[in-house]
Amino acid sequence: MKRIGVFVCWCGFNISGTIDVKAVASALADHPGVVVAKDYKYMCSEPGQAMIKEAIAEHRLSGVVVAACSPSMHETTFREAAQAAGLNPYMLEIANIREHASWVHPDDKIAATRKAIDLVKSLVEKVKRNEALEPIHVPMTKRALVIGGGIAGMQAALDLADGGTEVVLVERDSHIGGHMAQLSETFPTLDCASCILTPRTAEVGRHPLIKLHAYSEVAEVSGYVGNFTVKVRKKRTYVDWDKCIGCMDCMAKCPKKIPSQFERGLGIRKAIGVAFPQAIPYRPVIDRDACTYFKTGKCRICERVCSVGAIDFDQEERVIEEKVGAIIVATGYDLAPKAKFGEYGYGKIKDVVDGLEFERLNSSSGPTEGVIKRPSDGKIPREVVFIQCVGSRDVDKGNSYCSKICCMYTAKHAMLYKHKVPDGQAYVFYMDIRAGGKGYEEFVQRAVEQDGVLYLRGRVSKVYEDDGKVIVRGQDTLSGENIEIAADMVVLATAIEPQRDSRNLAQILKIGTDQYGFFNEAHPKLRPVESMTRGVFLAGCAQAPKDIPETVAQASGAASKVDVLFSKDDLVVEPLIASVDEAICSGCMWCEPICPYHAIEPKTIEERVGKKSVARRVASVNAGLCQGCGACSVACRDGAMNLKGYTNQQIMAEVEALCL
Amino acid sequence: MREYTASLKREAERLLSEGRVKTVIAFGPGIDPLAPIPAFAEDKDEASDLLVNAFSAPGLAKYVLDEVGGVEKPEHSVAVLARGCDSLGIARLIADKRVQRQSVVILGVHCDGVIDRGKLLALNPAFSRTKNIKSVAIGEDEVFVEAELADRSAVSLRGRPEDLLLDKCLKCLERDPVVFDIMLEPEAGTMLGRETGPTPVGDRGGVDQGEKEKSLRARRSLVAETEALSSESRYEFWARQFERCIRCYACRNVCPACSCRKCAFDVPDPEWVSKCTWLSEQFMFHFLRAFHVAGRCVGCGECERACPMGLPLSLLNDKLMKDVEEMFGIEDPHVPKESEPLGFYSPDDPEPWAKEVSEG
Amino acid sequence: MSLEPVGDTSVLAQGRKDLEAGAAGGAQEGRAGGGGEAGKAGGAGEAREVGKAGEAVEEGEWAPKIVGFACRWCSYAGADLAGTSRMSYPATVRLLRVPCSGRVNPAFIMRAFQRGADAVLVAGCHPGDCHYTSGNLFARRRLALAKGLLEYLGMEPERLQIHWISAAEGQKFARVASEMSKAVEALGRNRKMREEI
Ligand SMILES: Cc1cc2nc3c(=O)[nH]c(=O)nc-3n(C[C@H](O)[C@H](O)[C@H](O)COP(=O)(O)OP(=O)(O)OC[C@H]3O[C@@H](n4cnc5c(N)ncnc54)[C@H](O)[C@@H]3O)c2cc1C
Ligand code: SF4
Ligand code: SF4
Ligand code: SF4
Ligand code: SF4
C-alpha cells in the first residue's frame with residue numbers, strides 16, 4: 001500500500017494570500033493513498049522540515065509531496081530532510097503552487113486554489129509510482145590522455161601533471177610544439193615565440209608525470225568517462241629511441257637532403273634527423289619516402305655512424321594500450337591548402353607565400369636566418385602586399401567563418417617587415433579589421449601609425465607574375481579606385497582549417513564536429529571546453545580558430561574540468577537515467593541514434609527458450625554517459641526504454657490526474 | 001501474372017537440396033483455388049507443391065520474422081518468395097534489425113497485381129465454383145480471368161483493373177522487389193532463377209516510374225481530399241471508421257513495420273491503450289498504430305487488406321508518408337533506409353505550427 | 001453509414017464514399033449547429049455533439065483545461081520567472097515537468113485529450129538551445145508529424161500548441177498561456193477523442 005504524505009506550505013502570505021491552503025490540504029486528505037495532509041507557514045523552515053520528518057516516521061510514509069515553491073528552490077532541501085528521516089530522497093516530489101499558481105493568479109483565488117489542488121494531486125499520482133533510487137557509482141581511472149602536443153595540449157598536460165595527475169600525451173609529429181614552434185614573433189607583444197615555447201616543451205619532455213608518445217596516433221578508443229581504453233599506434237621511426245642518445249651524428253652524416261616540412265619547403269633537412277634544433281623529443285626519425293636505403297637498398301650510413309646501434313631498418317609499428325579516465329583533444333589546425341587559391345598565384349608564383357612561410361622567413365632560426373628574402377631569387381622585397389581573409393568568410397571556398405587571428409598576424413607581419421626593411425612598403429588588403437582583445441586594437445593602430453603600413457579596404461581580383469614582379473590588382477572600396485601594385489612578394493593570410501582528418505578522430509572519440517570539421521563543444525556558451533561525450537574535453541584551435549592566449553586559457557579550462565572530474569573518489573551519477581526492460585526490448589536499436597551522448601549500445605543476452613539457450617540483441621544504457629534527457633524513450637515504440645524518475649507510468653498518471 | 005511457379009519450384013528444390021535453407025516460404029494450394037495460402041516447404045516433396053499465381057493475396061514478409069527473426073544467430077536460413085511489397089516488408093524487418101540479411105534468401109518475382117477474390121465473385125458469383133484457374137492476364141487497362149468450374153464448364157471475365165485487383169495493388173509502389181538474391185525468370189524453357197547475390201535495398205532493376213507516379217497520385221489525392229475537409233467533418237469521418245474497428249489486431253499482425261517483441265498494445269503497464277473499444281480508445285489506438293509506423297511504413301497495404309472491417313488504414317499511413325517526404329525531404333519514404341526519419345533531424349526542420357501561433 | 005463487411009467491397013471506394021458522406025455531414029452540421037448524422041452515429045454511446053450548441057449550456061461553469069509539458073531547463077524555468085516577476089495569466093494551464101521536450105511522447109498528448117484536456121501545450125528550449133543539444137530537435141520532428149496526424153484525425157490546430165520558451169522568457173510564457181486560453185475558450189470544450197463525461 002502506498003502511504004503518501006502531503007505538506008502544503010503557506011510561504012507566509014506568498015501562497016496563502018491567494019490559495020486556500022487549508023482547502024488544498026483537506027482536498028488531498030481525501031485523495032486515495034494519502035494518509036496525512038498538513039499545512040504549515042514555512043515548510044522549508046526548521047520546524048516545517050521537522051514536521052515532515054516526524055510524519056514520515058509516524059505514518060510510515062512511502063512517499064511525500066510538498067506543495068510549495070518551485071523545485072528549483074527547495075527540492076534538494078526537502079529531499080535531504082526526507083533522507084534524514086529514512087525515506088529515499090527520490091520518493092519526494094514538489095508541487096509548484098507558488099511560481100506556477102499563487103503568484104500568477106492573484107485575482108482569481110478560487111481558480112488558483114483549484115489549480116493548486118490539481119497540481120498536488122498530479123504529483124501524488126506521480127509519487128505513488130516513484131521508485132527508490134540510489135546514486136550510481138562508477139569507478140574511474142584517474143589518468144588523462146591529451147591528444148596533440150601543440151601549445152594547447154602542452155598547457156593542458158602541464159596543468160594536470162603539475163596538479164599531480166598522470167598524463168599520456170600523444171603527438172602525431174616527431175616533436176611537440178605544434179604550429180607555435182614555427183612562429184617567429186608573436187602578437188601583440190612581439191616577443192619571440194621560441195623564447196616562450198622552448199622552456200615549456202622542455203618541461204613537458206622531462207616531467208615525471210607526463211608520458212609522451214611522439215610520432216604516434218590514437219587508433220581506437222573504447223569505454224566511457226572514467227574508463228577509456230585507448231590504443232596508441234606508435235609509427236615507425238626506424239630508430240630505437242630508447243638506445244639513441246641524441247648525438248645526431250646520423251643527421252650530420254646522412255647524404256640525402258630533402259625539403260623541410262617544418263620550414264614549409266623553404267629550407268632543407270636530411271632524410272634522418274630532427275625537424276629543428278630545439279625539437280622535443282630530441283630523437284631522429286627516418287623519412288622512409290626520402291631515405292636512399294629504402295629506395296635503392298644501399299646506403300645505411302646512419303647505421304654505421306651510430307655509436308649505440310640505435311638504427312633499426314626493420315622496426316615494426318607498435319600498438320600500445322593506455323587506460324585513462326578523461327581525454328583532452330588538442331589537435332589544432334591546418335592552413336587551407338594551396339590548391340584552393342589558384343587565383344592568387346599561390347602554388348604557381350614562387351613569391352606568393354602563406355603566413356606560416358612568412359613566419360619561417362622571419363625566424364632567426366629559419367632558412368634565411370631572419371632576413372626577409374623572397375623565395376624566387378633571395379632578393380630583399382621592397383614592396384610587399386598582404387592579403388587577408390584568403391579562404392575565410394568566403395562561402396565559395398567553403399568557409400563562411402572568420403579565421404579570427406589573420407587580422408592580427410598580418411599586422412604583425414607587416415610590422416616585422418617594416419622593422420627589418422624600414423624603407424620598404426607594406427600594403428594590406430582587408431575586408432574588416434577585427435582586433436578584439438587586450439592590446440590588439442592598439443597593436444594594429446601602431447602598424448598603421450608608427451610603421452606606416454598602408455591598409456586598403458577591398459578584395460583582390462587578380463595576382464599574376466610580370467617581369468620579376470608580382471602584380472596585384474584590386475579595388476579600394478573606400479575610394480572606389482582600381483589599384484594595381486607591382487609587388488616583390490605577396491603574403492596570403494590563408495584560412496585556419498581543421499586538421500584534414502578531424503572527422504575521423506571525431507568518430508573514434510564519438511564526438512561531433514561542425515560543418516567544417518572543428519570539434520563541437522557541448523554548449524556554445526556554458527560548456528565551451530566539454531564535448532558532447534562525457535569525459536572528452538576540447539582545447540585550442542581544434543575547436544575553433546583562436547590565438548595563443550585564448551588557446552592557453554581554454555587548455556587550462558579543460559585541464560581544470562578534468563581535475564574536477566577526478567576530484568571525487570569515483571564517478572557519482574544521478575540515477576535519473578534511461579533504462580531498458582530487456583524482456584520487452586526488440587533490439588531494433590532505433591533508440592541508439594537519438595542519444596546525443598552515445599550512451600546506448602547493443603548488447604547480447606542469452607536466454608533460455610525451452611531447453612535451448614538463444615542469443616538475442618537488446619539495447620543497453622551506459623550509466624556513465626546517459627544524462628537523462630529521455631529522448632530515447634519516445635523513440636522506443638514498445639516502451640522498453642524508460643526514463644527513471646520520469647517513467648511512462650509516472651507521466652501518464654500525472655497527465656490523468658491533471659485532467660480529472 | 002506471368003507464370004513463375006515452375007521456376008519457383010526449381011529454385012526451392014535446389015536451395016533445399018543444397019541445404020542452403022531449411023524452409024522455403026511461398027504459396028500452396030488452399031481449399032479454394034482462388035485463395036492460395038502461405039506454404040512452408042522443407043523438402044523436395046513439399047517444394048513440388050509450391051506455387052505463386054495471380055490469386056496469391058497474403059503478404060509473406062512477417063513469416064520470415066516468425067521463422068528466423070529476433071535472434072542473434074538463427075540456426076538456419078529460410079528462402080522466401082518476394083514480390084515488390086513482400087520485399088519492402090522484408091527490407092523493413094532487416095532495417096529494424098529483426099531479421100538478419102544473411103539468414104534469408106529472397107526469391108524475387110515481378111508482380112503485375114493480385115486479383116481480389118471478393119471483387120471477382122461480386123462480378124460473377126459463378127467463380128466460386130472454380131476448380132481450376134485456366135488463365136489470367138493482367139494488362140494496364142484490362143484484366144482477364146478464365147477458369148474451369150467444378151462441373152467442367154468454363155467461365156471467363158474481362159474487367160477493368162479497378163474492378164478486379166486488390167486495392168493495395170491499385171496503388172502499388174513497387175512491382176519488382178527492392179531487395180533480392182535470386183530473381184525468378186518467367187520465360188518458358190529457361191525457368192531458372194538468375195542468381196545475382198544479395199542486392200542492396202533500393203537497387204532494383206526496372207521500376208516503372210510512370211506507374212509508381214500514378215499510384216502515388218492516387219494515394220496523395222485521397223489524402224488531399226481528407227485534408228481539405230473541415231476539422232469537424234474529418235473527425236466525424238474517422239469516428240465512423242474507428243467505430244467499426246473490432247480490435248482484432250490483424251492490421252498489426254501482418255504489418256512488417258510492427259515487429260516488436262512485445263507490442264505496446266499488449267504491454268499492461270503503462271496501459272497505452274485499453275482493450276475497451278469505446279471511441280476515445282479507438283482514436284488512441286489508431287493514432288498510435290499509425291504513429292508507431294510513421295516513417296517506417298513501407299506502403300505495402302497489408303494492414304488494409306487484412307482488416308476484416310475494411311478500415312481505410314492506408315489513408316492514415318499515406319498521410320504520414322506524405323508528411324515525412326514533404327517536411328523532411330525524404331525521398332521514396334516507403335523504401336527502408338539505414339536511418340529512419342524520426343531517428344535524425346535537420347537544424348532547419350519545419351515548424352508547421354508557426355502559422356496558427358503568434359511568436360511576436 | 002452502412003457497415004457492410006468488406007472482402008467484396010473496395011476499401012478505396014468505401015473510403016471515398018465515407019469521405020463524401022463525411023464532407024456532407026460536416027457541412028450540414030456547420031449550418032445546423034450540431035446534430036445531423038453525426039449525432040446518430042455515436043455507436044458507443046459517446047456524447048459527441050460537435051459545434052457550439054453543447055457549450056452554451058455549461059458556458060458559465062466551464063474554463064479551459066490546458067495540460068502543459070515543460071522542459072525543466074528552459075520552459076519550466078520560464079514559467080517560474082513569470083511567477084517571480086508576478087505576471088498574471090489565467091489559471092487554465094497546469095504544467096507538468098519533464099526533463100526535455102524530447103521526453104514528450106505523443107501518446108501522453110493523446111491521453112490528455114482522452115481524459116478531458118481542452119488543449120495541450122508542449123514547451124521546450126529554443127532549437128539550438130536544448131540542454132541536451134538535440135532533444136528539442138527530435139521533438140520538433142516527432143511533434144510535426146504527431147500534430148499533423150492529430151489534426152488529420154479532426155482535432156483543431158489550436159488545441160495542440162508547441163512553443164519554444166527560454167528560461168528568460170517569463171513574459172512569453174505568460175503570453176502563451178493567456179493567448180492559448182483565449183483561443184481555447186473561443187473553441188469551447190473539447191469533446192473529440194474524449195472519454196465519456
Ligand atoms: C601565420 C600564423 C601566425 C600566427 N601568429 C600568432 C601570434 O603571433 N600570436 C598568437 O597568439 N597566435 C598566433 N597564431 C595562432 C597560433 O598558431 C595558434 O593559436 C596556436 O598554435 C594554436 O595551438 P594548438 O595547440 O591549438 O594547435 P597546433 O599548434 O596546431 O597544435 C596541434 C598539435 O596537434 C598535433 N596533432 C594534430 N592532429 C593530431 C592527431 N590526430 N593525433 C596526435 N596529434 C595530432 C599536431 O601535430 C600539433 O603538434 C598564428 C597562426 C598563424 C597561422
Ligand atoms: S529500447 Fe526500444 S528502441 Fe531501443 S532497441 Fe529496445 S525496442 Fe528498440
Ligand atoms: S535518456 Fe537521453 S542521454 Fe540517456 S540514453 Fe536516452 S537519449 Fe541518451
Ligand atoms: S502500416 Fe500497413 S502499409 Fe504500412 S508497412 Fe504496415 S502493413 Fe504495410
Ligand atoms: S485489422 Fe481492422 S478491425 Fe482489426 S484492429 Fe486493425 S483496424 Fe481494427
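- No part of L526(A) comes within reach of chain C, as not one of its non-hydrogen atoms sits under 4.5 angstrom from that chain.
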Item to complete: Please report the C-alpha distance between Y76(C) and H100(A) in whole Å, then the side-chain angles of each, then the deciding distance to 0.1 Å, and finally whether the side chain to side chain contact (heavy atoms under 4.5 Å, CB included) criterion is met.
Response: CA-CA 9 Å; Y76(C) 193 93; H100(A) 289 190; 3.4 Å; yes
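- Atom CZ of residue F113(C) and atom SG of residue C659(A) lie 9.5 Å apart, to the nearest 0.5 angstrom.
- Shown here for D80(C) and S72(A), the closest heavy-atom pair between the two residues is OD2-OG, 3.6 Å.
- Atoms CG and NZ, from L658(A) and K65(C) in turn, are 8.5 Å apart once rounded to the nearest 0.5 Å.
- If you measure heavy-atom distances from V104(C) to chain A, the contacts under 4.5 Å come from the backbone alone.
- Taking chain A as the reference chain and counting heavy-atom pairs below 4.5 Å, the highest number among A82(C), P90(C), A174(C) is found for P90(C).
- Using a 4.5 Å cut-off between heavy atoms, F69(C) contacts chain A through its side chain alone, with no backbone atom that close.
- Of all heavy-atom pairs spanning G102(C) and V634(A), the tightest one is O-CG2, 3.2 Å.
- Between R103(C) and L643(A), some side-chain heavy-atom pair lies under the 4.5 Å cut-off.
- The most heavy-atom pairs under 4.5 Å with chain C, out of I594(A), D108(A), N14(A), V104(A), come from V104(A).
- Environment of NZ in K128(A): crowded, with over 12 heavy atoms of neighbouring residues, nucleotides or ligands closer than 6.0 Å.
- Residue with the most contacts toward chain C among S70(A), G630(A), A631(A): A631(A) (heavy-atom pairs, distance under 4.5 Å).
- Most heavy-atom pairs under 4.5 Å with chain A: of the set R94(C), R111(C), Q114(C), this distinction falls to R94(C).
- For chain C, the nearby part of A522(A) is the backbone; its heavy atoms alone come within less than 4.5 Å.
- A distance of 10.0 Å separates OG of S85(C) from CD of E99(A), quoted to the nearest 0.5 Å.
- In this model, no donor atom of one side chain and acceptor atom of the other lie less than 3.5 Å apart for R637(A) and N105(C).
- Contacts with chain C were tallied for A112(A), P596(A), A111(A); P596(A) has the most, counting heavy-atom pairs under 4.5 Å.
- Heavy atoms of F138(C) lying under 4.5 Å from chain A belong exclusively to its side chain.
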Below 3.5 Å, can you tabulate the donor-acceptor pairs from side chains in residues 128-135 of chain C to any protein atom, sequence neighbours excluded?
from	atom 1	to	atom 2	distance (Å)
Y132(C)	OH	W73(C)	NE1	3.0

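- Neither the backbone nor the side chain of N520(A) comes within less than 4.5 Å of any heavy atom of chain C.
- Of residues 115-127 of chain A, those residues lying under 4.5 Å from chain C by any heavy-atom pair are K115(A), D118(A), L119(A).
- Environment of CD1 in I110(A): sparse, with no more than 12 heavy atoms of neighbouring residues, nucleotides or ligands closer than 6.0 Å.
- With a threshold of 4.5 angstrom between heavy atoms, M532(A) approaches chain C through side-chain atoms but not through N, CA, C or O.
- Contact count against chain C (heavy-atom pairs under 4.5 Å) is highest for G628(A) among G628(A), C69(A), S102(A).
- One finds a salt bridge joining R97(C) and E75(A) here, because a Lys/Arg side-chain nitrogen approaches an Asp/Glu carboxylate oxygen to under 4.0 Å.
- The environment of CZ in R79(A) is crowded: more than 12 heavy-atom neighbours from other residues, nucleotides or ligands sit within 6.0 Å.
- Rounding to the nearest 0.5 angstrom, the gap separating the CG atom in L96(C) from the CG atom in N96(A) is 12.0 Å.
- In this structure, CG in L95(C) is found 11.0 Å from CD in E654(A), a value given to the nearest 0.5 Å.
- Judged by distance alone, with hydrogens and angles left aside, the side-chain atoms of H105(A) form no donor-acceptor pair with the main-chain N or O of S88(C) at under 3.5 Å.
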